Amino acid sequence: MDYNFKEIEQQWQAEWEKAHVYQVSNKSDKKPFYVLDMFPYPSGAGLHVGHPLGYIASDIYARYKRLQGFNVLHPMGFDSYGLPAEQYAIQTGQHPEVTTMKNIARYIEQLKKIGFCYDWDREVKTCDPDFYKWTQWAFIQMFNSYYDTAQQKARPISELIHKWEQDDPTWATLTEQQQQERLMKFRIAYLSDTKVNWCPQLGTVLANDEVSEGLSVRGGFPVEQRVMRQWSIRVSAYAGRLLEGLKKLDWTESLKETQRNWIGRSEGAEMQFSIKGQDAPFTIFTTRADTVFGVTFMVLAPESEYVKRVVKPEQQDEVDAYLDRCKHRTERERIADRKVTGVFTGSYAINPLTHTEIPIYISDYVLSGYGTGAIMAVPAHDSRDYAFAKHFNLPIIPLIEGADVSEQSFDAKEGKMINSGFLNGLEVPDAIAKMKEYITNTGIGRVKVNYRLRDAIFSRQRYWGEPFPVYYKDGMPYTIDEKDLPLMLPEVSDFKPTSDGRPPLGNAKDWTYNGYPLELNTMPGFAGSSAYYLRYMDNHNANALVDKDVNAYWRQVNLYIGGTEHATGHLIYSRFWNKFLYDLGYICEDEPFQKLINQGMIQGRSNFVYRYIGEGATGNLYISYNLIDNPEYKDKVQPIHVNVNIVHNDILDIAAFRNWLPEYKNAQFVYSDGTTDNDNPYLGTPAEKQYICGWAVEKMSKSMYNVVNPDDIVEQYGADTLRLYEMFLGPLEMSKPWDTKGIDGVHRFMRKLWNMYEDISDEEPTREEYKALHKLIKKITWDIENFSFNTSIPAFMIAQNELSALRCNKRAILRQLAILMAPYAPHIAEAMWHRCGETTFVVDAQWCECDETYLTEDTVKYPVQFNGKVRFTVELPKTMGKEDIEQTVMSHEDTAKYLNGAAPKKVIVVPGRIVNIVV
RNA sequence: GCCGCGGUGGUGGAAUCGGUAGACACGAAGGACUUAAAAUCCUUUGGCCAGAGAUGGCUGUGCGGGUUCAAGUCCCGCCCGCGGUACCA
């Protein structure tokens, strides 16, 4: 009986579907367990073999937990709003929904082939009105809430209004519009004029995490700074809690560190500096309060509100020219070109400690978005201030003993203070503390914690996204009534912006609410992905995002698996969104994802042929990789990507290559042995001739012809082999290239495993057979609980080998082996299970318990070492105690030989392992 | 620059608590079966040395030190690679 994986997989996938085996109920006496994958964006290219890596891992874990008796929620859905479908729509006129749905169908087809245990009844799509209704609903809650800094949580904005009505007599005197404007400064979702990342090519603004080094993450287009009226989400209010919350999460240290850096907490002080000739002071933020005695100038960000106040008429032209220049510089230019620039304002500030007058400058090395957008410059101890001071010839006063500041600044926070009045002689940390105390007591400043985390810009000038549930009356935004949700995305005549530059929704007919114009922006990608894990719990609920009782049952995601690229985007926004809903009492857990594992990326492994481009080249001759360093070919060949699917173990399939593209139709080769086609003119290409390809690890992409499609692997080897092989490739978290060679080994194992189920006997297994089984149970259980899936495959192979060697065909062993295989290779496991005569599904079985009594040996081999070197081995009863072992070994004749009459210095016995004798 | 992760045979990688490094697989070499090939099975496979052989010796986890009876694993100092982040005051 051959291992017909195709038949087995098709049969059992159909049976599972028919019996709704993977449907999960919200009502169960079992303990809940929630295993989640980061849902994919369904791209047009479909899945490649890298995508399922994390899904396989989570599937193994989900199946294992189910076998352990948990009620396991393991859903899948699609992050289906996004730029690619819209770009495609603009180019082709095809509605993004059509492309998106087509891509989703393709993804589902591919995923189903791999045999995941998803409950497809719980599928969610972010572009589905039933889903985005709740994205819009959450936005309304954010609009109608503020962050109460005293309670450190979000509260309904009605509470704030109530407070003002009680305590603030001016509130009642304000017009409706003034009141709305004031409230807007407190709402968690708010509208404001902010400096945004504007990407002209994409025609939209982007959030900070969507921009990297001045280029858009998607597409790599330049991004510039622009002030626009935009919706923002007050994520920054949660900075402290987002940081604190990390402590109790079971995430990798590196991911937590990435989030800590992104949140960027820094302890320092805010200080007031008065301006010469003005009453109102201005405020700066510093972490180096100890260096106030060395402040020799002040710098404002070009966008700072203070600029208007301090510019003297005689400097106005120069300042305007500078500001104009800054405005037109793109973010990318600013980063690329770090030349010192700046302009003097004409005003002077007063150093509150030395009372000296110090000039105020404007420079773009100070950022408006951080701190107060103004700094005190201490050139001796800050490299940026130092560069500025050198350029403008400003004084540099060293404040730390022994610091040589003639060539560069001394930035380290260590040493003894000098030139610093009452701080002289103190160590830097003590000086910082003392100065903080001083400024607090004298009232010139206060201790302040600053965060780098900014509010998230929430508007996108795009079509394919959630419409805001917002309309405008007298220029002020109002949210629509919740009973009118969802606000459906309208049809538009054109997916491009309108001719007068409004977003694409401007092309919609009748885009109004009760006669008032509706918001034209749509929400960003992260809106829909921020709470999708909650919706899976209760995805058919028409009355709530998630029913409270249902949420109280599932609580939170116990295991979340996904890529590390979401560290500063999705994983921050989701945590924020979750905390917000928690504050308002809609859900019962403060954090969404208890344990998180980042699967590594699977890179492509590209193959190359080497075209001869030396003397007499016809452009049609290809040199085998092993020869390209020969003098006759060195530097005369050009590597060309070749489709990895026509290369096997780096050997080119010549016929397939000639058929691949027209240009290779008449390709000629110099084979690995140095011969050419001309040497065998009448024979064609003899079978023993090999053309060896070179290779490189690169990103998996179409243009490098290194994309391997899981469908092809499933077709050729089966889903179970694919699953096992992906795990076998290496540790889950590690990035590694996909290399199909090696899959044969796993496939061979599957065949051998299957052959064990030929004739099954009801004889009682031997102790040896039980031992092999229980060793495996112990190992597999440990592996799954520790996410060490890669080491399970060898364990299976070894067990299979041992059992085969024992010619084991005992039902008692084989049915347990099927259970152990079930998480990894569910189809073959199901077939194995039924071959053992079982009639239920293997997923409904009980996970195997390891019986340690089978693992204990009667005797143990002890290697006896002298000074670390193994000299001989003794075999002793397992039950023997440490001292008896020592005694036995010491009286051994070989021991006497090695000791040569001398007394040992030390004897170390590691029970069950080793005896070490130091001479 | 700063932060994080990593470096083990020809290759992917094991070694889970400091305890016989190289499991398992690929590749390679040799052999069996076969008219032949494929498939399958068996043997060998870190390096060096000795031996007809069983076997034995030395060396060996990026580099240099250290702790220990014992180090891939712990400590100190470097080198290299990958990832994140960057005028954040």
Side-chain angles (χ1 to χ4, degrees), chain A residues 212-213 252-262 264-266 268-269 284-289 291 299 301 334-335 338 340 363-367 369-378 381-385 387-388 411 450-454 564-565 567-568 598 600-601 605 649-650 687-688 695 724-725 728-731 733-749 751-752 779 782-783 785-786 788 790-798 801 861-870 873 904-919:
Chain A
S212 178
E213 302 192 0
T252 60
E253 200 44 44
S254 72
L255 186 64
K256 286 192 196 183
E257 190 62 19
T258 304
Q259 288 215 340
R260 277 186 218 115
N261 290 341
W262 188 257
R265 182 180 198 272
S266 67
I284 58 94
F285 175 77
T286 181
T287 54
R288 293 296 302 272
T291 58
V299 189
R334 206 179 67 81
I335 290 165
R338 295 236 177 131
V340 177
S363 174
D364 65 358
Y365 83 85
V366 175
L367 305 176
Y370 186 78
T372 63
I375 60 152
M376 60 178 213
V378 186
H381 302 291
D382 182 290
S383 53
R384 295 152 301 178
D385 298 345
F388 195 87
D411 292 17
N450 243 329
Y451 294 96
R452 200 190 83 112
L453 185 71
R454 311 291 162 79
T564 180
E565 67 273 19
T568 56
N598 292 121
M601 254 214 312
R605 188 180 185 278
N649 296 340
D650 292 337
E688 69 271 18
W695 61 275
L724 248 59
Y725 186 59
F728 184 55
L729 229 39
E733 297 92 333
M734 203 185 277
S735 282
K736 56 236 161 187
W738 175 268
D739 190 351
T740 306
K741 86 181 176 196
I743 197 168
D744 292 316
V746 172
H747 193 64
R748 258 195 286 275
F749 156 72
R751 281 209 304 266
K752 286 190 264 181
K779 171 74 176 146
W782 190 93
D783 280 348
E785 268 164 14
N786 292 280
S788 178
N790 56 321
T791 57
S792 283
I793 316 315
F796 280 124
M797 289 172 174
I798 292 165
N801 235 318
K861 283 181 181 158
Y862 290 83
V864 180
Q865 304 184 357
F866 290 82
N867 282 350
K869 301 286 183 216
V870 182
T873 305
K905 274 191 196 146
K906 211 186 228 181
V907 180
I908 295 113
V909 175
V910 181
R913 285 205 186 110
I914 206 163
V915 180
N916 202 330
I917 301 170
V918 186
V919 182

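So you know, we letter chains A, B, ... as the sequences are listed, proteins then strands, and number each from 1. All values derive from a computational prediction rather than experimental measurement.
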Exercise for review: Could you check whether Leu729(A) gets within reach of a base, just the sugar-phosphate, or nothing at all, counting any heavy atom under 4.0 Å?
Suggested key: sugar-phosphate
Check your understanding: Between Tyr725(A) (OH) and U11(B) (P), how many Å, whole number?
Key -> 16 Å
Check your understanding: Which nucleotide in the list U85(B), A39(B), C69(B) gets nearest to the side chain of Arg751(A)?
Key -> A39(B)
**Study point:** Sugar-phosphate, base or nothing in reach of Lys752(A), heavy atoms under 4.0 Å
**Key:** sugar-phosphate
Practice item. Spell out, as yes or no, whether a donor-acceptor pair under 3.5 Å connects the side chain of Asp739(A) to the backbone of Arg605(A). Key: no
Check your understanding: Arg452(A) has a side chain; which of A25(B), A86(B), A89(B) sits nearest to it?
Key -> A86(B)
Review point. Looking across every strand, which nucleic acid part, if any, lies under 4.0 Å from Ile798(A) by heavy atom: base, sugar-phosphate, or nothing?
Key: sugar-phosphate
Point to revise | Gap in Å between the two P atoms, one belonging to G62(B) and one to U8(B), rounded | key: 6 Å
Study note, to complete from the structure: What one should report as the nearest heavy-atom pair of Tyr451(A) and Tyr370(A) is O-CE1, 3.8 Å
Exercise for review: Answer yes or no: is there a donor N or O on one side and an acceptor on the other, between the side chain of Arg452(A) and the main chain of Trp262(A), under 3.5 Å?
Suggested key: yes
Check your understanding: Do the side chains of Thr564(A) and Thr252(A) get nearer than 4.5 Å, heavy atoms only?
Key -> no
**Study point:** Same-atom distance (C1') from G13(B) to C17(B), integer angstrom
**Key:** 22 Å
Point to revise | Atom C1', compared across G66(B) and U55(B): separation rounded to whole Å | key: 37 Å
Review point. Is the base of C17(B) syn or anti, if syn means a glycosidic angle within 90° of 0?
Key: syn
Study note, to complete from the structure: Closest to the side chain of Pro863(A), out of C69(B), C3(B), U20(B), is U20(B)
Check your understanding: Considering all heavy atoms of both residues, which atom of Lys779(A) and which atom of Ala795(A) are nearest to each other, and what is their separation?
Key -> CG-CB, 3.5 Å
**Study point:** Proximity to the side chain of Lys779(A) - top-ranked nucleotide from U16(B), C3(B), G12(B)
**Key:** U16(B)
Practice item. Would you mind classifying the nucleic acid contact of Val907(A) as base, sugar-phosphate or nothing, using non-hydrogen atoms under 4.0 angstrom? Key: nothing
Review point. Within this structure, what is the CD-to-P distance between Glu733(A) and G4(B), rounded to whole angstrom?
Key: 18 Å
Review point. At under 4.0 Å, does any side-chain N or O of Lys736(A) touch on OP1 or OP2 of G12(B)?
Key: no
Exercise for review: Would you classify Asn786(A) as touching base, sugar-phosphate or nothing, given that sugar-phosphate means primed atoms plus P, OP1 and OP2, and contacts are heavy atoms under 4.0 Å?
Suggested key: nothing
**Study point:** Nearest-Å distance once atom P is located in both A15(B) and G22(B)
**Key:** 13 Å
Exercise for review: Kindly point out which of G13(B), A25(B), A15(B) is positioned nearest to the side chain of Asn790(A)?
Suggested key: G13(B)
Practice item. Measure from the side-chain N and O atoms of Asn786(A) to the backbone N and O of Trp782(A), and report whether any donor-acceptor pair falls under 3.5 Å. Key: yes
Check your understanding: What distance do Tyr365(A) atom OH and Asp385(A) atom CG have between them, rounded to the nearest 0.5 Å?
Key -> 3.5 Å
**Study point:** Gap in Å between the two P atoms, one belonging to C87(B) and one to G18(B), rounded
**Key:** 41 Å
Check your understanding: To the nearest angstrom, how far is Asn261(A) atom CG from C5(B) atom C1'?
Key -> 14 Å
Exercise for review: Verify, without hydrogens or angle tests, whether Lys906(A) (side chain) and Asn916(A) (backbone) share a donor-acceptor contact under 3.5 angstrom.
Suggested key: no
Practice item. Using both pair distances under 3.5 Å as the test, note the stems of at least 3 consecutive Watson-Crick or G-U pairs that include RNA chain B. Key: B:1-7 with B:79-85, B:10-12 with B:24-26, B:27-32 with B:40-45, B:46-50 with B:55-59, B:62-66 with B:74-78
Study note, to complete from the structure: Picking from A25(B), G13(B), C87(B), the nucleotide nearest the side-chain atoms of Tyr365(A) would be C87(B)
Revision key, fill the gap. To the nearest angstrom, the CZ-P distance between Arg748(A) and C24(B) comes to 15 Å
Check your understanding: Shortest non-hydrogen contact from Val366(A) to Gly373(A)?
Key -> CG1-O, 3.6 Å
Check your understanding: With a non-hydrogen cut-off below 4.0 angstrom, is Pro731(A) in contact with a base, only sugar-phosphate, or nothing?
Key -> sugar-phosphate
Study note, to complete from the structure: Considering only heavy side-chain atoms of Asp783(A), the closest of G19(B), U16(B), C24(B) is U16(B)
**Study point:** Distance, P atom - from A70(B) to U20(B), rounded to whole angstrom
**Key:** 15 Å
**Study point:** Atom C1', compared across C48(B) and G83(B): separation rounded to whole Å
**Key:** 39 Å
Practice item. Give Phe749(A) one of three labels, base, sugar-phosphate or nothing, depending on what nucleic acid heavy atoms sit under 4.0 Å from its own. Key: nothing
Review point. Within this structure, what is the CD-to-P distance between Gln865(A) and A21(B), rounded to whole angstrom?
Key: 8 Å
**Study point:** Candidate nucleotides C69(B), C87(B), G13(B), ranked by approach to the side chain of Val918(A) - the nearest
**Key:** C69(B)
Check your understanding: What is the distance from atom CZ of Phe796(A) to atom NZ of Lys752(A), rounded to the nearest 0.5 Å?
Key -> 15.0 Å
Exercise for review: Give the rounded distance in Å between these two atoms: CH2 of Trp782(A) and C1' of U16(B).
Suggested key: 4 Å
Practice item. Give Met734(A) one of three labels, base, sugar-phosphate or nothing, depending on what nucleic acid heavy atoms sit under 4.0 Å from its own. Key: sugar-phosphate
Review point. To the nearest angstrom, how far is Arg260(A) atom CZ from G84(B) atom P?
Key: 19 Å
**Study point:** Whole-Å P distance, A21(B) and U61(B)
**Key:** 12 Å
Point to revise | Whole-Å distance separating the CG atom of Leu255(A) from the P atom of U85(B) | key: 12 Å
Revision key, fill the gap. Regarding G9(B), purine or pyrimidine glycosidic angle vs 90° from 0 gives syn
Study note, to complete from the structure: Residue pair Thr372(A)/Ser735(A) against RNA chain B: nearer the 5' end by closest nucleotide is Ser735(A)
